[in-house]
2 protein chains.
Amino acid sequence: MRGRPTIYEDSNIIKKAQEVFWQKGYSATSLSDLQKATGAGAGSFYNTFKGGKKEVFQKAVQERRLAFDEFKNELNKSNSPLELIKDFFRSIAEANSNEHLKGCIIANTVVEMTFIDEDLENSAVQILKEVEQMFTEVIKKEQQKGNIKTQTSPEILGKYLITFWCGLNTLRRMYPDKNVLKDQIEMQLAVIS
Amino acid sequence: MRGRPTIYEDSNIIKKAQEVFWQKGYSATSLSDLQKATGAGAGSFYNTFKGGKKEVFQKAVQERRLAFDEFKNELNKSNSPLELIKDFFRSIAEANSNEHLKGCIIANTVVEMTFIDEDLENSAVQILKEVEQMFTEVIKKEQQKGNIKTQTSPEILGKYLITFWCGLNTLRRMYPDKNVLKDQIEMQLAVIS
DNA sequence: TTATTTTTGTAATGATCGATACATAAATAA
DNA sequence: TTATTTATGTATCGATCATTACAAAAATAA
């Protein structure tokens with residue numbers, strides 16, 4: 001392959017940019033912020049991402065979806081998928097204060113981008129709906145197996161969990177405290193049993 | 001009183017500015033946006049609000065708190081405060097699509113401002129905590145009266161309701177649909193009974 | 001009337017915004 | 001070596017940012 005070798009790998013730029021976007025959101029993050037965080041100058045940045053700031057944000061969001069896909073794979077292999085979901089929620093309480101304050105980049109994006117950028121808004125909403133559907137499917141199966149007593153429909157329970165996830169996204173900022181969150185998460189998960 | 005008469009009333013500027021902030025958030029709202037929305041030019045704007053954009057945002061948020069105070073007063077006069085709270089949540093489903101997409105300006109602010117402006121973040125968090133406390137107090141009283149069977153502590157149930165409120169803030173954007181939201185709200189309120 | 005006070009409208013400020021232009025560096029292909 | 005290709009660093013773009021400066025407008029007080 002010809003040409004000067006790349007020193008700023010795409011994936012690394014996205015990773016570093018994601019950290020800034022996650023904390024500051026889309027609008028409040030400047031190109032200058034991204035250049036400082038990634039080390040890449042404007043030349044490299046726009047050579048790699050013709051779509052500029054928006055393209056990098058999209059890719060940072062999509063990168064986050066990969067983590068979700070991975071979790072979904074684990075769910076499919078698991079014998080107790082509901083317990084895996086519950087443990088995922090429980091693990092949130094164990095995060096450090098900075099992670100609490102950052103919250104979920106997808107949920108943050110839905111709140112921030114509604115009247116700002118339709119594309120970014122839609123792709124974030126889409127991901128949340130996929131997560132919701134994952135919840136719903138697991139609940140449906142577990143209900144059929146008799147592992148869940150509640151007769152509430154899996155659709156409503158799935159929406160209950162995604163609503164909880166989004167609510168937790170704010171509660172964590174109000175109380176970035178392990179003990180508070182732990183009790184709260186346990187109480188809310190008890191609804192699905 | 002001396003001097004040229006005011007044609008842009010403070011309260012009116014705040015009201016108009018609030019509408020823009022509510023939709024677009026703090027960072028994405030420009031002074032130009034505010035001037036278009038309020039009609040007031042830079043002269044009037046900075047003559048009235050020395051603190052500029054931030055001061056107006058603060059006042060727009062505090063104005064919203066008044067609505068909360070009013071509700072709190074109604075709660076204190078009510079014989080069935082819990083039902084009043086539940087009806088408040090139920091009324092959310094009846095909002096129009098634009099209102100769903102706007103969500104709650106206080107909850108939005110907590111998500112947006114975390115790493116951006118400590119003052120604005122803190123005042124929004126403060127308001128949510130006061131709402132939570134209102135929930136908690138009502139639940140405590142109703143439990144003592146025997147109107148709530150659940151033995152879960154009022155503190156956890158209060159946090160449950162504020163978490164629901166914040167979760168609903170995102171769910172409404174995913175599904176700005178009366179029927180979806182109605183069922184969801186009813187299910188979540190059933191936990192407090 | 002004249003002086004004083006306050007609000008308003010407009011022009012300008014310097015800073016920063018996201019993005020582009022372009023020369024140079026650094027590799028491979030011919 | 002020389003030509004070609006790609007990435008990088010830097011200068012700069014016009015636009016917009018939040019804010020300030022300032023003169024004119026419009027009222028009351030003297």
Side-chain angles (χ1 to χ4, degrees), chain A residues 1-21 23-61 109 112-113 115-121, chain B residues 1-21 23-61 109 112-113 115-121:
Chain A
M1 195 180 50
R2 277 208 281 207
R4 182 174 172 170
T6 303
I7 55 175
Y8 302 108
E9 285 212 37
D10 296 24
S11 63
N12 197 257
I13 288 183
I14 293 171
K15 205 177 164 186
K16 296 280 184 63
Q18 187 192 56
E19 177 64 22
V20 185
F21 281 134
Q23 291 206 16
K24 304 183 67 173
Y26 183 75
S27 295
T29 298
S30 69
L31 259 293
S32 165
D33 288 333
L34 296 179
Q35 285 165 14
K36 277 178 209 158
T38 62
S44 296
F45 196 86
Y46 281 95
N47 182 56
T48 310
F49 305 102
K50 315 287 182 194
K53 182 181 170 180
K54 182 170 170 177
E55 181 185 343
V56 178
F57 189 84
Q58 275 283 23
K59 294 199 164 148
V61 164
T109 300
E112 184 190 357
M113 301 313 284
F115 291 91
I116 309 297
D117 188 296
E118 204 182 338
D119 299 328
L120 298 178
E121 170 75 5
Chain B
M1 193 178 57
R2 276 207 281 210
R4 182 171 173 172
T6 304
I7 55 175
Y8 302 108
E9 286 212 36
D10 297 22
S11 63
N12 197 255
I13 288 184
I14 292 170
K15 206 177 163 186
K16 296 280 184 62
Q18 187 191 58
E19 177 64 22
V20 185
F21 281 134
Q23 291 205 18
K24 304 182 67 170
Y26 183 76
S27 295
T29 298
S30 68
L31 260 292
S32 166
D33 288 333
L34 295 179
Q35 285 166 11
K36 278 178 209 157
T38 62
S44 297
F45 197 86
Y46 282 93
N47 183 55
T48 310
F49 306 103
K50 316 288 183 193
K53 182 180 170 180
K54 183 170 170 177
E55 182 185 344
V56 179
F57 188 85
Q58 275 282 23
K59 296 201 163 147
V61 163
T109 300
E112 184 190 357
M113 302 312 283
F115 291 92
I116 308 299
D117 188 296
E118 204 182 339
D119 299 328
L120 298 178
E121 168 75 5

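In the text below, chain A, chain B and the rest are named by the order of the sequence lines, each starting its count at 1.
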Query raised in the report: Whole Å only: how far is the NZ atom of A/K24 from the P atom of C/dC17?
Result: 9 Å
**Report entry** Nearest-nucleotide 5' precedence on DNA chain C, A/R2 against B/T6
**Finding:** B/T6
Query raised in the report: Looking across every strand, which nucleic acid part, if any, lies under 4.0 Å from B/Y8 by heavy atom: base, sugar-phosphate, or nothing?
Result: sugar-phosphate
Query - N/O (side chain, B/S30) to phosphate O (OP1/OP2, D/dC17) under 4.0 Å - result: yes
Requested in this report: Could you state the atom-to-atom distance from CG of B/N47 to P of D/dA26 in whole Å?
Outcome: 16 Å
Query raised in the report: In whole angstroms, how far is the P atom of C/dT16 from the CD atom of A/Q35?
Result: 14 Å
Requested in this report: Starting from the 5' end of DNA chain D, give me the residue, B/P5 or B/Y46, whose nearest nucleotide shows up first.
Outcome: B/Y46
Query - Value in whole Å for how far the P atom of C/dT16 lies from CG of A/L34 - result: 16 Å
Report task. Scan A/S27 against the nucleic acid and name what it touches under 4.0 Å (heavy atoms): base, sugar-phosphate only, or nothing. Result -> nothing
Query raised in the report: D/dA18 C1' sits how many Å from B/K53 NZ, rounded?
Result: 8 Å
Query raised in the report: Between D/dT8, D/dA25, C/dG18, which nucleotide has the shortest distance from any of its atoms to the side chain of A/R4?
Result: D/dT8
Report task. Provide, to the nearest angstrom, the distance between the CG atom belonging to B/D33 and the P atom belonging to D/dC17. Result -> 7 Å
Query raised in the report: Across the strands shown, which category fits B/G43 at heavy-atom distances under 4.0 angstrom: base, sugar-phosphate, nothing?
Result: base
Query raised in the report: Just by distance, do the side chain of A/E55 and the backbone of A/K50 share a donor-acceptor pair under 3.5 Å?
Result: yes
Query raised in the report: When you measure from the side chain of B/E112 to the backbone N and O of B/S27, does any donor-acceptor pair fall under 3.5 Å?
Result: yes
Query raised in the report: Is it the case that B/S44 and B/N47 place a side-chain donor and acceptor less than 3.5 Å from each other?
Result: no
Query raised in the report: So what does B/A42 touch, heavy atoms closer than 4.0 Å: a base, only the sugar-phosphate, or nothing?
Result: base
**Report entry** Length of the CG-C1' vector between B/D10 and C/dT7, whole Å
**Finding:** 12 Å
Query raised in the report: Whole-Å distance between D/dT19 P and B/E55 CD?
Result: 11 Å
**Report entry** Beyond-backbone contact of B/F57 with B/D117, side-chain heavy atoms, under 4.5 angstrom
**Finding:** no
Report summary line: The side-chain contact (heavy atoms from CB on, under 4.5 Å) partner of A/E19 among A/K15, A/Q23, A/K16 is A/Q23
